[in-house]
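One structure below.
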2 protein chains.
Amino acid sequence: MSGKPAQKRVSAGVAAVDDRSVAARLFAILDAFAAPAGATSLTLTLTAIAQRAGLPLSTTHRLVAEWVGWGGLSKHENGQYSLGMKLWELGVQTPTARNLRTIALPYLEDLYETTREHVHLAILDGRDALYLEKLSGHHAVRLISRVGARLPLHSTGVGLVLLAYAPSDVVQQYLATSLQRFLPRTVTEPEAVRKRLAEIRLLGLARMSEEMTAGSSSIAAPIRDRTGQVVAAVSIVTRTTDTIDAEQERAVRVAAQGVSRALGYRRAQQ
Amino acid sequence: MSGKPAQKRVSAGVAAVDDRSVAARLFAILDAFAAPAGATSLTLTLTAIAQRAGLPLSTTHRLVAEWVGWGGLSKHENGQYSLGMKLWELGVQTPTARNLRTIALPYLEDLYETTREHVHLAILDGRDALYLEKLSGHHAVRLISRVGARLPLHSTGVGLVLLAYAPSDVVQQYLATSLQRFLPRTVTEPEAVRKRLAEIRLLGLARMSEEMTAGSSSIAAPIRDRTGQVVAAVSIVTRTTDTIDAEQERAVRVAAQGVSRALGYRRAQQ
DNA sequence: AGACATGCTTCCATCCAGTGGAAGTTCTGG
DNA sequence: CCAGAACTTCCACTGGATGGAAGCATGTCT
């Protein structure tokens with residue numbers, strides 16, 4: 001998630017001592033496996049883990065053995081390591097992910113059936129849109145999104161929706177840093193983004209076109225919980241066309257409302 | 001996954017000392033969150049974690065703080081803890097789960113659309129069927145299965161298929177222990193199970209009826225990889241009827257074959 | 001309100017578990 | 001067959017982890 005801040009404390013200007021607790025070292029080892037971008041999941045050799053985690057080989061060896069013993073990592077025949085099934089098992093039990101997914105999935109399936117397009121479900125996590133679920137058919141457009149991916153808020157449909165309904169200090173902070181331009185049409189100018197957010201709030205829907213991936217557009221809508229707060233966003237990603245497809249927009253709205261209702265939301269107005 | 005083997009070493013017959021390494025203690029804390037059965041995901045207080053992990057409160061406090069700092073656990077307003085988003089993020093990157101799921105999902109969706117029944121995808125892990133994916137509509141039968149669940153091999157459709165194609169020593173070991181009877185129709189007698197496994201291998205399909213959950217039946221088929229080995233199983237779970245639905249069986253077969261082909265399997269015979 | 005109980009957080013002297021350099025072992029490939 | 005890289009094991013040293021105890025913060029009973 002970050003560079004390599006291998007915390008070293010230089011004592012008396014001679015040797016550099018590693019400050020990290022045992023726990024931090026164990027975590028650093030897992031972090032070594034965090035897939036960088038839209039990349040395929042990693043398998044690493046012991047040495048590679050040691051380098052990425054900034055740990056001596058022997059220490060790595062011992063700690064990796066602990067992970068393997070527990071099931072957090074698994075060792076393959078060829079001597080490479082990868083994330084283990086135990087992590088998956090615990091991971092899917094994470095309440096936010098599990099509850100939202102379980103409730104939303106039937107509606108996402110409906111949306112997929114009626115539109116035959118990529119369907120995304122994402123939440124706001126830190127400064128990113130975190131993709132909880134993704135459904136796609138056999139022949140859909142190639143996308144960088146995948147379950148577990150983190151994508152920017154200003155260049156994705158779900159991201160903009162999440163930002164539109166986020167607390168103002170989050171918006172403030174997000175727009176304070178310079179936003180990356182992925183394609184010519186990516187909107188990166190803070191004031192322009194703010195204007196868009198207002199439109200999205202007004203319309204209850206976001207339309208994006210050619211801002212992250214060439215040739216694809218998206219339509220996204222907010223999901224609210226019992227308290228009316230926006231907790232997630234659904235979207236479909238389609239091949240770009242010049243016309244606005246009212247039918248698709250309706251389908252996305254229906255899906256978002258369905259999930260919201262299932263979460264206990266009873267619309268106040270609108 | 002197990003009881004509570006809080007490894008204590010009694011030295012000189014006086015105090016009991018905890019043998020576990022720091023890593024083992026950290027893992028014990030996460031294991032405290034492993035959902036017991038088909039239960040809803042847990043949130044625990046510090047004290048509860050300490051008890052379940054068999055650790056002193058102050059130690060638990062410190063180690064839990066480490067987990068929270070990393071994101072493996074998260075602390076709620078009410079002071080309760082639950083599994084954190086980071087675990088989910090890493091968990092979904094686990095190669096087996098990720099690759100299989102990505103490839104299989106479109107076919108599972110097709111299967112769901114044609115049958116409108118619960119669709120399951122499971123792999124063999126240890127002595128259990130581990131459920132990787134589950135699709136269900138709005139009004140499907142209530143089931144205990146869920147993503148990440150572990151269910152017995154002898155009483156579920158996917159389980160029986162996985163067992164049918166498992167190495168003989170796995171079958172041997174599995175049948176060596178006494179099999180739990182969930183309902184009157186659950187087959188628990190080793191020789192009867194063996195006979196069933198042979199039938200499944202012959203037919204390339206398993207039919208189960210009222211053996212795990214009252215009122216529900218299932219049809220399951222094997223998924224093979226490039227090497228021809230069975231690596232997973234798909235199933236649909238339906239309300240029990242007296243007639244064999246050839247259409248449904250065909251749909252399950254088609255789905256299983258579709259995934260197998262996508263995994264690189266080119267059928268040798270059959 | 002007061003008192004008791006329960007649960008969480010902080011502190012710190014003790015000591016043993018974790019550390020990592022180095023030596024030994026296995027694997028690779030020229 | 002040997003060099004070199006990658007992995008595994010060993011073990012003396014030491015500083016980080018430990019956990020009992022005391023201090024806080026809530027909740028709830030009379």
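Please read all numbers here as calculations on a predicted model, not as lab measurements. Order of the sequence lines sets the chain letters (A, B, ...), proteins ahead of strands, with each chain counted from 1.
Contact annotation: A:Arg20 does not reach the phosphate of D:dA17 (side-chain N/O to OP1 or OP2, under 4.0 Å). Under 4.0 angstrom from either OP1 or OP2 of D:dG19 there lies at least one side-chain N or O belonging to B:Thr59.
To the nearest angstrom, C1' of C:dT9 lies 14 Å from CD1 of B:Ile49. Between the NE2 atom of A:His61 and the C1' atom of C:dG24 there is a distance of 13 Å, rounded to whole Å. The CZ-C1' distance, from B:Arg62 to C:dT9, rounds to 12 Å in whole Å. Atom-to-atom, CG of A:Leu46 to P of C:dC27 comes out at 15 Å; the value is rounded to the nearest Å. At whole-Å resolution of the value, CZ in B:Arg25 and P in C:dA17 are 8 Å apart. For the pair A:Leu57 CG and D:dC10 C1', the computed distance is 14 Å after rounding to whole Å.
Listed nucleotides: D:dT8, C:dA17, C:dT9. Nearest to the side chain of B:Val22: C:dA17. Of all nucleotides listed (D:dA17, D:dG19, C:dG20), D:dG19 comes nearest to the side chain of B:Ser58.
For the pair A:Arg201 (side chain) and A:Ala164 (backbone), a donor-acceptor distance under 3.5 Å is present. Distance alone, capped at 3.5 Å, places no donor-acceptor pair between the A:Tyr81 side chain and the A:Leu73 backbone. Put simply, the side chain of A:Asp128 never gets that close to the backbone of A:Leu130: no donor and acceptor are under 3.5 Å apart. The backbone N or O of B:Ala97 lies less than 3.5 Å from no partner atom in the side chain of B:Thr94, so there is not a single donor-acceptor pair. Judged purely by atom type and a 3.5 angstrom limit, A:Ser260 has no side-chain atom pairing as donor or acceptor with the backbone of A:Ile223.
Between B:His76 and B:Thr43, the side chains place no donor N or O within less than 3.5 Å of an acceptor N or O (distance only, hydrogens not considered).
For A:Ala23 and A:Thr45, each mapped to the nucleotide of DNA chain D holding its nearest heavy atom, the one lying further toward the 5' end belongs to A:Thr45. Residues B:Pro56 and A:Ala48 each lie close to DNA chain D; by heavy-atom proximity, the contact nearer the 5' end of the strand is made by A:Ala48.
Contacts between residues 72-85 of chain B and DNA chain C, defined by a heavy-atom separation under 4.0 Å, are made by B:Lys75, B:Tyr81. Listed by residue number, A:Leu63 are the residues of residues 63-71 of chain A with a heavy-atom contact under 4.0 Å to DNA chain C.
Shown here for B:Ala129 and B:Leu162, the closest heavy-atom pair between the two residues is CB-CD1, 4.3 Å.
Note on A:Leu55: nothing from the nucleic acid sits closer than 4.0 angstrom, heavy atoms only.
For the pair B:Leu179/B:Pro152, no side-chain contact is recorded, criterion being any heavy-atom separation below 4.5 Å from C-beta on.
B:Glu133 has a carboxylate O that lies under 4.0 Å from a charged side-chain N of A:Arg101, or vice versa, which qualifies the two as a salt bridge.
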